[in-house]
Amino acid sequence: MLQLRPNCEYCDKDLPPNAEEARICTYECTFCADCVERVLHDVCPNCGGGFEKRPIRPVAERRPGVSLAKKPASVNRVRLKWDRSTLGEFIASVRGIPPAQR
Ligand SMILES: [Zn+2]
Ligand SMILES: [Zn+2]
C-alpha cells in the first residue's frame, strides 16, 4: 500500500493525499511536480528512476475498510539525504536515459 508521504523531499512543500502535483518513483520517493520538472528532470535522486503522478486515495469508503480514513496517509516528513551540491552531476548522468532503460 502506498505510504502517501506528506511532503516534497526536495523543497518540503506540503503534498496532502489529494495533491494533484505529487510525484512518486517506484520506491515512493515523493516530490512535487515543480521539483521533478525543474530540478530533478525526471530523475529520482535516491534511486535514479523516473516519476509518475501519485494516485489519489478516495476519501469515501465505497468498499468496507478502504478509504483515506481507514488507511490513512503517512505523517512522517522525509527530507533529501543527499548533498545538494552533488545532485546536478548525478542527474546529468542519468537524465538522458529513458526511464524504461535505466
Ligand atoms: Zn518540491
Ligand atoms: Zn526513488
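All of these numbers come straight from a predicted model, not from anything done at the bench. When a ligand or atom number is given, it counts from 1 through the structure's own listing order. Positions are given from 1 along the sequence.
- Seen from the Zn ion (ligand 2), atom SG on C47 and atom SG on C25 lie at an angle near 110° (rounded to 10 degrees).
- The shortest heavy-atom contact between Y10 and R84 is O-NH2, 2.7 Å.
- Pairing each heavy atom of V75 with each of P6, the nearest pair is C-CG, 3.9 Å.
- A salt bridge does not link K81 with E9: every distance from a Lys NZ or Arg NE/NH1/NH2 to an Asp or Glu carboxylate oxygen is 4.0 Å or more.
- With the Zn ion (ligand 2) as the vertex, SG of C44 and SG of C29 span 90° to the nearest 10°.
- Of all non-hydrogen atoms in R95 and H41, the two that sit nearest each other are NH2-ND1, 3.4 Å.
- Taking the Zn ion (ligand 1) as the corner point, the angle from C35 atom SG to C32 atom SG is about 100° (rounded to 10 degrees).
- At the Zn ion (ligand 1), the vertex angle linking SG of C8 with SG of C11 is 110° (nearest 10 degrees).
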